[in-house]
Amino acid sequence: MKVLVAVKRVIDYNVQIRVKEDGSGVHTDNVKMSTNPPDDNAIEEAVKLKESGKVKEVVAITIGEEKAQETVRKALAVGADRGIHVKTDSYIEPLGIAKILKKVVEKEKPDMVFVGKQAIDDDCNQTGQMLAAMLNWSQGTFASKINLKDKTIEMVREIDEGLETLELNLPTVVTCDLRLNEPRFASLPNIMKAKKKPIEQMVAKDLGVDLTNRIEQLKVEEPPKRKGGIKVSNVAELINKLKNEAKVI
Amino acid sequence: MSVLLVAEHDNSNLKVFTLNAISAASKMDADVHVLVAGSGCENVSKEVAAVPLVKKVLFCDSPNYQNYLPENLAPLVTKLAEKYDHIVASANTFGKNFMPRVAATLDVSQVSDVTKVNGADTFVRPIYAGNAFATVKSNDKKKCVTIRPTSFDPAPKTGGSAQVEKVEAADVPNVSKFIKREETKSERPELGTARVVISGGRGMESADNFKLITAIADKLNAAIGASRAAVDSGYISNDHQVGQTGKVVVPDLYIAVGISGAIQHLAGMKESKVIVAINKDGEAPIFSIADYGLEADLFKALPEFLAELNKLNTIQK
Ligand SMILES: Cc1cc2nc3c(=O)[nH]c(=O)nc-3n(C[C@H](O)[C@H](O)[C@H](O)COP(=O)(O)OP(=O)(O)OC[C@H]3O[C@@H](n4cnc5c(N)ncnc54)[C@H](O)[C@@H]3O)c2cc1C
Ligand SMILES: Nc1ncnc2c1ncn2[C@@H]1O[C@H](COP(=O)(O)O)[C@@H](O)[C@H]1O
């Protein structure tokens, strides 16, 4: 079997982002970038399936500017076999990303596509579900456990009420939660080896899909700041404040 | 034209966040129609028909929809969407699961997790874990929108009498099967709607220690939340997680215990009216957003907190 894993390059989750003064977006110059965290879980799961012998090939794909290749390189360093980089210099909405992924799926014919449950920059939580719909495939969102069988996947998903178990026919799209596994770190020898693994390049606008963004970003603002509060010196004072000042208990 | 809103329910009762989504939808267009799709869910259709803001209920009863499998639900919504300008659902795990399937099939770019409706096509949504708010305009002819429920007041529940129209089920692809659902049942208020939330983090150190939190929650009639670290460590189940990749809560009072205040956690609770932080590290970032910070060891502070509560004559419920 073959797995295609989508990895996105985003502002690192530890960075406190800054909104641009003109409201056009957030500062990205000289800001640390890394792989979208749940996409690391997606790669890890695919590599584990390969190590267990159930999967033959793991292909990592990213869509983005030249530097987005770093995320594919990192995936190769932790065990993906080869990479695909679809180049674009402008932001593409999840709808367009899903269309690109569909094109690549038609060519690569994977049995499964793994994506992260949500990109931590746009927080859209759409791409995997959209891709599954476009392909008429089953989908398993917010996966915290995957059990690959012959023609199906049994998976556990995290929902608001608790957990849900589904059986999905292959081919399928799975969106991965951070609790799916513990992503490994790349060892130095594997980082060196990854440099020799192939990354195929494509250009987004040559793929013959409509990538026009439909959503116009009118402005980006900072959220209202919370006024700093006070420190209380003991529990009795805290209770007193909650009762008589904030009047919430 | 009007709004098609997809109700969330458990086949017996409407989930309350649907009411918040209805009030958001009514700001896009006053003509709000609600789809109740499920199995043996007639009672839900009646509940929805009583909501004054709802103009019409579309009722589809079929075993295909019993477990809201997105592969089954999306074709029905897509078929009905023909007659509507807006397709709306809550931005919780229910809406997040099926709405992008509808949007992709309609070739529409979805607007996720809307916190403010400025009109029929313009919305505000948080990005970067709520560290920025984007005002966006959808240029698609149809709009697929998910609503952050806690950003809108729930629509009043009674007084209306909308017409209920039966609709035919759509074809289903049979590509997935529901096996089971493990729900955490509790007598406590729901995390999303509770007036008071008390959350524990890694500082709690064990599942057993969460009973210090439970005791206070009982006293305050509070829901129990947790940081991702507390869930990851197995102290408490995933449905308690608050944050960017968990639930968003906006209670009157949020008490964070042994939680450092990572931006991903703040994303889920910083709109709370009053925030209390109990942490032994005076430099913990949670203090920068707390109205009342107590720098203390939680294993000492929580029992004292309970004892002080026990001294009070009255406690708001
Ligand atoms: C993509 C992504 C999404 C994420 N989503 C979420 C999310 O939705 N929700 C979430 O919560 N996190 C989320 N996280 C994780 C987040 O980054 C933090 O790792 C997490 O919130 C830390 O949890 P914590 O505060 O409980 O633990 P820690 O950061 O370890 O903090 C523990 C705190 O407890 C205090 N403490 C310890 N012992 C005591 C004691 N005896 N008395 C008093 N205080 C004590 C310490 O001083 C410390 O401040 C996400 C991370 C990523 C990368
Ligand atoms: N530009 C991209 N390149 C590769 N994968 C992407 C890209 N955008 C989104 N994805 C995948 O889709 C997931 C969900 O993204 P989103 O729908 O934007 O929240 C991510 O975790 C990635 O796995």
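We name chains A, B, ... by the order of the sequence lines, and we start the count at 1 in each one. For clarity, every value in this text was computed on a predicted model and none was experimentally measured.
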| Would the number of heavy atoms belonging to other residues, nucleotides or ligands and lying under 6.0 Å from NZ of Lys137(B) be above 12? | yes
| Looking at Lys225(A), Lys243(A), Glu222(A), which has the largest count of heavy-atom pairs under 4.5 Å with chain B? | Lys243(A)
| remark: One should read off an interatomic distance between Leu309(B) CG and Ile249(A) CD1, to the nearest 0.5 angstrom, of 5.5 Å
| note | Of Gln264(B), Lys143(B), Gln110(B), the largest count of non-hydrogen pairs under 4.5 angstrom with chain A goes to Gln110(B)
| Does any heavy atom of chain B fall under 4.5 Å from the side chain of Gln118(A), the backbone, both, or neither of them? | side chain
| said: Ignoring hydrogens, what is the shortest heavy-atom contact between Asp123(A) and Ser112(B)? Give both atom names and the distance. | reply: O-CB, 4.5 Å
| query | Distance under 6.0 Å and angle within 45° of the ring axis: does Lys231(A) meet both against Tyr292(B)? | reply | no
| field | Approximate separation, where rounding is to 0.5 Å, of Lys177(B) NZ and Thr152(A) OG1 | value | 8.0 Å
| query | Looking just at side-chain N and O atoms, do Asn97(B) and Thr141(A) make a donor-acceptor pair shorter than 3.5 Å? | reply | yes
| query | Above 12 or not: heavy atoms from other molecules or residues under 6.0 Å from CG of Asp210(A)? | reply | yes
| said: What's the separation between atom CD1 in Ile17(A) and atom CG in Asn131(B), rounded to the nearest 0.5 Å? | reply: 5.0 Å
| request: Under 4.5 Å heavy-atom distance to chain B, tell me which part of Val15(A) shows up: side chain, backbone, both or neither. | output: backbone
| Does Leu312(B) reach the side chain of Ile239(A), with side-chain heavy atoms less than 4.5 Å apart? | yes
| field | Part of Val19(A) within contact of chain B (heavy atom distance under 4.5 Å) | value | side chain
| What option among Thr135(B), Ile289(B), Asn139(B), Asp239(B) has the most heavy-atom pairs under 4.5 Å with chain A? | Thr135(B)
| field | Lys142(B) atom NZ: more than 12 heavy-atom contacts under 6.0 Å | value | yes
| task | Take Phe142(A) and Thr93(B), measure what side chain to side chain contact (heavy atoms under 4.5 Å, CB included) needs, and give me the verdict at the end. | result | CA-CA 9 Å; Phe142(A) 326 140; Thr93(B) 57; 3.9 Å; yes
| task | Taking only Lys NZ, Arg NE, NH1 and NH2, and the carboxylate oxygens of Asp or Glu, determine whether Asp107(B) and Arg214(A) approach each other closer than 4.0 Å. | result | yes
| said: Can you tell me which of Gln244(B), Glu304(B), Lys247(B) forms the most heavy-atom pairs within a distance under 4.5 Å of chain A? | reply: Gln244(B)
| remark: Closest non-hydrogen contact found for Phe305(B) with Leu242(A) is CZ-CD1, 4.2 Å
| query | Taking every heavy-atom pair that is under 4.5 Å apart, which of Arg181(B), Gln316(B), Arg101(B) has the most such pairs with chain A? | reply | Arg101(B)
| query | Is the number of heavy atoms from other residues, nucleotides or ligands under 6.0 Å of Lys300(B) NZ greater than 12? | reply | no
| remark: Interface check, chain B: of Gly128(A), Ala236(A), Ser233(A), most non-hydrogen pairs under 4.5 Å belong to Ala236(A)
| said: To the nearest 0.5 Å, what is the distance between OG on Ser109(B) and CD1 on Ile215(A)? | reply: 3.5 Å
| How far apart are the C-alpha atoms of Gln241(B) and Arg179(A), what are their side-chain angles, what is the distance that settles it, and do they pass the side chain to side chain contact (heavy atoms under 4.5 Å, CB included) test? | CA-CA 12 Å; Gln241(B) 184 183 315; Arg179(A) 267 185 283 275; 2.6 Å; yes
| message | I need the residue from Ala134(B), Ala301(B), Ala277(B), Gly246(B) with the largest number of non-hydrogen atom pairs under 4.5 Å to chain A. | response | Ala134(B)
| note | residues 91-108 of chain A vs chain B, non-hydrogen distance cutoff under 4.5 Å, contacting residues -> Glu93(A), Leu95(A), Lys99(A)
| query | Do Pro224(A) and Phe133(B) touch side chain to side chain, with heavy atoms closer than 4.5 Å? | reply | yes
| query | Is Asp252(B) salt-bridged to Lys247(A), cutoff N-O under 4.0 Å? | reply | no
| Which value, rounded to the nearest 0.5 Å, describes the distance between Arg125(B) atom CZ and Cys124(A) atom SG? | 4.5 Å
| query | More than 12 heavy atoms of other residues, nucleotides or ligands under 6.0 Å from CD of Gln217(A): is that the case? | reply | yes
| query | For the residue pair Lys270(B) and Pro223(A), what are the closest heavy atoms and their distance? | reply | NZ-CG, 4.4 Å
| field | When Leu220(B), Thr245(B), Ile315(B) are compared by non-hydrogen pairs under 4.5 Å with chain A, the top option | value | Thr245(B)
| Heavy-atom contact with chain B under 4.5 Å, split by part of Arg18(A) | neither
| Which answer fits Thr127(A), side chain, backbone, both or neither, if we ask what part of it has an atom under 4.5 Å from a heavy atom of chain B? | neither
| query | So which part of Asn240(A) gets closer than 4.5 Å to some heavy atom of chain B, the side chain, the backbone, both or neither? | reply | neither
| message | Applying a heavy-atom distance below 4.5 Å, give me the residues of residues 159-172 of chain A that approach chain B, sorted by number. | response | Ile159(A), Asp160(A), Glu161(A), Gly162(A), Leu163(A), Glu164(A), Thr165(A), Leu166(A), Glu167(A), Leu168(A), Asn169(A)
| query | Rounded to the nearest 0.5 Å, what separation is found between the OG atom of Ser138(B) and the CD atom of Glu216(A)? | reply | 9.5 Å
| task | Identify the two heavy atoms, one from Pro100(B) and one from Met130(A), that lie closest to each other, and give their separation to 0.1 Å. | result | O-CG, 3.4 Å
| Can you check side chain to side chain contact (heavy atoms under 4.5 Å, CB included) on Val136(B) and Leu218(A), steps first, answer last? | CA-CA 5 Å; Val136(B) 298; Leu218(A) 301 180; over 6 Å; no
| field | Val232(A) portion near chain B, given a 4.5 angstrom heavy-atom threshold | value | both
| message | Tell me which of these, Glu221(A), Glu237(A), Gln139(A), has more heavy-atom pairs under 4.5 Å with chain B than the rest. | response | Gln139(A)
| query | Got a sec: does the NZ of Lys205(A) have more than 12 other heavy atoms crowding it under 6.0 Å? | reply | no
| More than 12 heavy atoms of other groups within 6.0 Å of Asn244(A) CG | yes
| Where is the tightest heavy-atom contact between Ile263(B) and Tyr13(A), given as atom of each residue plus distance? | CD1-O, 3.6 Å
